[in-house]
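So that the names make sense, note that chain A is the first sequence line, chain B the second, and so on, each numbered from 1.
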Number of protein chains: 2
Amino acid sequence: MSDDTTLAAFDKAFELVTHVAELMQEALAQRGLTTPKAQVIFALHHEGPQVQRKLSEALRCTPRHVTALIDNLSEAGFVARGPHPTDRRATLVTLTQQGVEAAERMVREREKSAEELLGEVPEDQLKAFIAVADRFIGGQSDE
Amino acid sequence: MSDDTTLAAFDKAFELVTHVAELMQEALAQRGLTTPKAQVIFALHHEGPQVQRKLSEALRCTPRHVTALIDNLSEAGFVARGPHPTDRRATLVTLTQQGVEAAERMVREREKSAEELLGEVPEDQLKAFIAVADRFIGGQSDE
DNA sequence: AGAACATCGTGAAGTCACTACACAATGTAT
DNA sequence: ATACATTGTGTAGTGACTTCACGATGTTCT
């Protein structure tokens with residue numbers, strides 16, 4: 001059947017992964033960020049201030065590492081620690097003004113990049129892309 | 001309003017990247033490998049025995065790191081160091097039997113996974129996927 | 001109330017992937 | 001023969017991330 005195309009599409013997905021991962025890291029590095037740090041900023045941006053424990057779940061890393069991440073981000077001025085209103089063990093992490101601006105800038109750049117890269121692509125192609133991507137994301141057994 | 005679809009496709013690409021990267025790492029970890037180690041094995045598999053310097057270019061990492069990688073892979077039995085026929089400074093890295101088997105197994109699994117995941121997808125959708133992926137990748141692919 | 005236990009964040013220490021620098025051995029050019 | 005380039009590796013360091021132990025606080029149970 002279309003085995004060749006199937007394989008080509010499969011390989012292309014890996015190529016895409018490599019390439020996009022690289023692009024993303026470069027873009028973030030330019031702003032002094034790494035992927036997990038950006039994840040923190042995004043999490044705070046659209047979930048609001050959060051406790052570190054919650055962030056560690058969102059990033060799927062240890063609470064200890066979140067401490068380090070927040071140390072780093074707060075030193076760089078993106079976030080700030082504050083007291084939790086009811087639980088005095090917890091600290092509430094909030095985006096600073098600079099953090100909010102960074103988040104918004106990244107959102108705008110996402111839109112700009114999407115338009116630049118895919119603006120001319122016909123809609124049905126995009127939908128096919130999404131459909132195939134969902135195949136990857138959907139069914140899978142790691143065994 | 002293909003803008004929405006454009007953004008959706010863009011975001012989907014990132015989702016795909018995250019997901020596939022994870023899948024790949026899990027699959028490799030099961031065999032005691034990491035991404036760069038697997039790259040070494042593949043490079044040797046379809047380029048034949050190579051000098052470390054060459055591998056460092058293929059992996060775009062420092063020669064020093066290749067040394068560490070090969071130390072590791074050779075300890076695990078996947079590759080072996082041998083003398084270079086003409087240049088006595090260089091060592092020639094070769095796949096062991098176990099290394100060859102690992103490479104072949106991974107190739108087979110790639111085919112199996114491709115079939116499982118994308119086997120039922122119509123060819124024109126796959127082609128659209130590839131076309132869109134190429135938009136991301138742009139004008140350049142190394143290798 | 002007090003004892004027992006769970007939870008939040010962090011210090012200390014370690015692993016792992018990776019880098020920069022220095023260097024000995026070898027190859028190449030003049 | 002001298003000078004320089006190149007191959008691989010030791011030493012040392014960074015950065016992301018983990019496990020373990022602990023003090024401070026919150027919760028529950030009698």
Self-check item: Partners passing ring-ring contact (aromatic ring centres under 6.0 Å, His included) against A:Phe129 (at least two apart in sequence or in another chain)
Solution: B:Phe129
Self-check item: Pairs involving residues 25-46 of chain A, ordered by first then second residue, that meet salt bridge (charged side-chain N to carboxylate O under 4.0 Å, His left out) (sequence neighbours left out)
Solution: A:Arg31-A:Glu109
Quiz prompt | Main-chain N/O of A:Phe78 paired with A:Thr96 side-chain donor or acceptor, under 3.5 Å | solution = yes
Quiz item: To the nearest 0.5 Å, what is the distance between CD1 (A:Ile130) and CD (A:Glu123)?
Solution: 9.0 Å
Quiz item: Which whole-number value in Å describes the distance from A:Arg53 CZ to C:dT7 C1'?
Solution: 8 Å
Exercise. Report, as a single string ordered 5' to 3', how protein heavy atoms within less than 4.0 Å touch nucleotides 22-30 of chain C: B base, S sugar-phosphate only, - not at all.
Key: ---BBS---
Practice problem: Kindly state each residue pair satisfying salt bridge (charged side-chain N to carboxylate O under 4.0 Å, His left out) with at least one member in residues 55-65 of chain A, sequence neighbours excluded. | Solution: A:Arg53-A:Glu57, A:Arg60-B:Glu22
Practice problem: Please list, chain by chain and in numerical order, all residues satisfying salt bridge (Lys or Arg N to Asp or Glu O under 4.0 Å) with A:Arg81, sequence neighbours excluded. | Solution: A:Asp71
Quiz item: Along nucleotides 16-23 of chain D, 5' to 3', which nucleotides get a B, which get an S, and which get a -, given that the test is a protein heavy-atom distance under 4.0 Å?
Solution: SBBB----
Quiz item: If you check every side-chain atom of B:Gln52, which of C:dG9, D:dT9, D:dT7 has the closest atom?
Solution: D:dT9
Exercise. Classify the nucleic acid contact of A:Val66 as base, sugar-phosphate or nothing, counting any heavy atom under 4.0 Å across all strands shown.
Key: nothing
Practice problem: Salt-bridge test for B:Lys12 and B:Glu15: reply yes if a basic N is under 4.0 Å from a carboxylate O, no otherwise. | Solution: yes
Quiz item: Within this structure, what is the CG-to-C1' distance between B:Leu59 and C:dT19, rounded to whole angstrom?
Solution: 15 Å
Quiz item: Quick one: A:His84 NE2 to D:dA24 P, roughly how many Å, whole number?
Solution: 20 Å
Quiz item: Sub-3.5 Å donor-acceptor pair from the side chain of B:Glu47 to the main-chain atoms of B:Leu55, do we have one?
Solution: no
Quiz prompt | Whole-Å distance separating the CZ atom of A:Arg81 from the C1' atom of C:dC8 | solution = 12 Å
Quiz item: Is A:Thr67 touching bases, backbone alone, or none of the nucleic acid, heavy atoms closer than 4.0 Å?
Solution: base
